[in-house]
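See structure below.
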Amino acid sequence: MHFGFFDDKHREYVITTPRTPLPWINYLGSESFFMLCSNTAGGYCFYRDARLRRLTRYRYNNSPLDQEGFHFYIKEGNTVWNPGWQPVQTELDSYCCRHGLGYTVIEGRKDGVRALQEMFVPVKDDCLLVRLTISNETGRETRVSVFPYIEFCLWDAVDDSSNFQRNWSTGEVEVKGSAIYHKTEYRERRNHYAVFWSSKEPDGFDTSRDAFIGVYGSPARPEAVFGGGCTGSMAHGWQPVAAQQFDLDIAAGKSASILFGLGYIENPQDKKWESPGIIDKSRAEAMIARYADDAAFDSALAALKADWAQLLSVFSISSGNEKLDRMVNIWNQYQCMVTFNMSRSASYFESGMGRGMGFRDSCQDLLGFVHMIPERARERILDIAATQFPDGSAYHQYQPLTKKGNLAVGSGFNDDPLWLIAGTDAYLRETGDFSILDEQVPFDNDETLSRPLSEHLRRSFRFTADHLGPHGLPLIGRADWNDCLNLNCFSEQPGESFQTTGPNEGPVAESVFIGGMFVKYGKAWAEICRRLGLSDEAAEAEKAVAAVEAAVLDAGWDGKWFRRAYDAFGNVVGGSECQEGKIFIEPQGMCVMAGIGKAGGQAEAALESVKALLDTKYGIVLQQPAYTRYRLELGEISSYPPGYKENAGIFCHNNPWIVCAEAELGHGDRAFEVYARTAPAFIEDISEIHRTEPYVYSQMIAGKDAATFGEAKNSWLTGTAAWTFLSISQAILGIKPALDGLLIDPCIPADMKGFTAVRRFRGATYRISVENPNGVQKGVKELLVNGIPVEGCLIPPADPGCIVKVVAVMG
Ligand code: GLC
Ligand code: GLC
């Protein structure tokens, strides 16, 4: 069932009913000011850090769901409604929500009155802009009262939702003209405030929630709206809000529009006050002046759209398959940018109050956005590397505001170091900028411990090489990519962390998955060494890699697939002798991507086992059979009911590993089949089962053991975005940045006749045409660069500014 449709021309998903299976959201903002915005205008705003600088409130586990947001109440006669249906839920005569790239437009119509609510965050400014346009299509003159409403959060979202004894006494606001200033805690240590404004002098306002909503009222029935209007209340403690009232007399056939904004302002310490107790508003007033009229609003929106068009122009395709084109050209890349901005902090599943940036998450996210914003990828790599410890291990998470490692979680996730090589290698291949390796980067954020980035990579590599277990496989530590395989933890008390209770290192538990990673990214490190002229070190690295590869093929091989791990007692995890959890997806993907067992047939066998044992109609499950009881020696994985999350859910992130692995073996049909099975646009038809947004990936889809097979959760913030983009753009379509240029090496379905692509790479533009006249799945038999035949698949980098015409004929 559909709840909307893709409008590819405008790069929008158009939602045609407010009753989507779950709120379907969008992200407004791309640098520092953000709003999560649902299809009914629910959501919240924050500045940089969703926990520490939250501007508006949101209640995640509320019922009814998704009530807080940036809402307008429209009142005509006795009828009250919202353009997006929520929170009053008055039945609308028509409804439509357009989620575009960085903007959302919601339109509702009731009894001949139409309300259009346009929302976006302008490029390089710290505010949300909203325009409300009311059109009178009743055929008569009418009075429409309009009430915008937001509820302020007292900045620290955790404290705001727990420390009531203090917070109900601290709230403060100021009102000046048509602006409402939220200045809680500004009197003491904060130098920032929020400003809500409108372009028109209101007929009334409220700043106290009790006055506007009513102590026993609700957002669905605000007393001021349903009763006699705004009261001019001033909030002193309790719940500061911004609400206004506009009484508009609109002639038949005419429209009226008002501009609104919500901004975040920081003042220098010595310019906090205009006069005692009165905040300095000059920066806010300058912001308001920047967007004073429709022309300013329109040009800021046009600039935002131009910005996105520019970002997406780096890579685009035309394949004849509209679902594929819309994923590759629009939504997958859009999601990659959102994961770049948010990491795993704020979605409708991640509360923004929990973890910071993940070391492994952010390194993997890089793989998906490095081509669009290489300069910011560079900065991100250096930030991440600065949270590495001198021994090569790493803080598992760091806080974006401070860029400091998160002590509570600490280190000990033994895959982390290798992801730094993966991210840096992707950056080098995209940009050719080896100077990044000379950047001085601190260890553990301690400037006195600064060393070149290349030294960080070296220690990443060495950390793994020096932490091998009894079978010569890498030790797993607290966990590897699978956060829920906690082989050294043994947690028995509810509420304990599955990852950080107990020792972070055990001398026995080993990971075959990290073995695969070590081979894949260890080879990349050896190649980097060679480029740096360190041929001895390269040869030594290759020796260490070969030893782990041999161990993977020996103790890591089960006969038909790669084992997953050895637990703390030396028992196999993910092997045929196991009753449950016989086979896991991760090592099959990673080891084959690394090329392990390609020559000896193990790679082929492993992927056949995946197909035979893990495939479902909605994607490939993480492992089988699901664990049916809690297993102390395995940890969190067995805490989930069968079919959910890591316990045999379809964990979308590692499906593209199988895509890449299949492509590695030349299986274009199967690679595309796996790709299409979880790609959102391809499964739009089952939106009622899938439930999350049909334009972005979710972290997890319930597996076949679950009662809700096919139901997705944790949409938006997942490494799936980066890995699927990599799998489709590089593994299937075969346009791969390499250290020496651009490789063209597609692995596509036999019935795909070809495609064209435009790729900007190191300043030049490649217009690529791939032809598949003989219906093969892999292999380029002829490559023409500007009409001249080239040996092999590699195109050396052209000069910046050049346009390069490429024809690749498969066969
Ligand atoms: C979550 C984490 C990621 C981890 C995955 C599997 O998505 O963010 O770091 O690899 O779960 O446990
Ligand atoms: C839980 C989740 C896992 C996530 C981890 C992050 O273990 O199941 O997906 O990676 O939390 O800490």
Side-chain angles (χ1 to χ4, degrees), residues 335-336 338-352 354-368 384 387 394-398 400 406 409-420 422-423 476-487 489 497-500 511 513-514 516-517 564-565 573-574 581 584-587 589-590 619-623 626-627 634-640 644-658 678 692 696-703 712-724:
Q335 189 176 359
C336 286
V338 172
T339 59
F340 160 67
N341 281 317
M342 297 287 128
S343 186
R344 305 295 172 267
S345 69
S347 72
Y348 265 28
F349 297 85
E350 302 275 11
S351 67
R355 42 188 173 151
M357 314 275 286
F359 191 97
R360 81 157 81 85
D361 295 335
S362 295
C363 286
Q364 289 174 88
D365 290 346
L366 268 161
L367 310 175
I384 298 171
T387 65
Y395 275 110
H396 190 49
Q397 295 169 2
Y398 71 100
N406 182 340
V409 185
S411 70
F413 294 75
N414 283 357
D415 61 320
D416 276 333
L418 292 172
W419 290 118
L420 183 63
I476 197 168
R478 294 196 186 284
D480 61 20
W481 173 88
N482 190 331
D483 272 334
C484 297
L485 208 49
N486 315 120
L487 306 181
C489 180
S497 160
F498 286 105
Q499 282 86 25
T500 60
S511 164
F513 172 80
I514 302 181
M517 275 190 88
R564 180 64 178 83
V573 180
F584 282 65
I585 189 174
E586 305 103 300
M590 189 52 78
I620 304 171
V621 296
L622 195 144
Q623 114 272 9
Y627 294 108
L634 300 179
E636 184 170 2
I637 188 166
S638 57
S639 75
Y640 288 109
Y644 293 98
K645 296 277 286 184
E646 283 87 342
N647 189 14
I650 297 157
F651 219 88
C652 299
H653 186 134
N654 41 41
N655 276 238
W657 293 348
I658 300 299
T678 56
T692 53
V696 291
Y697 286 93
S698 293
Q699 180 207 54
M700 193 269 306
I701 299 171
K713 289 196 188 109
N714 303 6
S715 57
W716 281 99
L717 303 185
T718 160
T720 314
W723 272 103
T724 46

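Indexing begins at 1, ligand by ligand and atom by atom, following the structure's order.
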Show which atoms of ligand 1 fall inside a sub-4.0 Å distance from at least one heavy-atom site of D361.
2 (C), 3 (C), 8 (O), 9 (O)
Within a distance under 4.0 Å of any heavy atom of N482, pick out the atoms of ligand 1 and give their elements.
12 (O)
Side chain, backbone, both or neither: which part of H653 has a heavy atom under 4.0 Å from ligand 1?
neither
Just by distance, no angles: are the side chains of N406 and H396 close enough, under 3.5 Å, to form a donor-acceptor pair?
no
Find all atoms of ligand 1 within a distance of less than 4.0 Å from any non-hydrogen atom belonging to E646, and give their numbers and elements.
6 (C), 11 (O), 12 (O)
Angle class for the W723/W657 ring planes (parallel below 30°, perpendicular above 60°, tilted otherwise)?
perpendicular
Criterion side-chain hydrogen bond (donor to acceptor under 3.5 Å, both in side chains) against R344, the qualifying member of T718, T339, D365:
D365
List the steps, then state whether ring pair (Phe, Tyr, Trp, His ring centres under 6.0 Å) holds for F651 with W481.
CA-CA 12 Å; F651 219 88; W481 173 88; 5.4 Å; yes
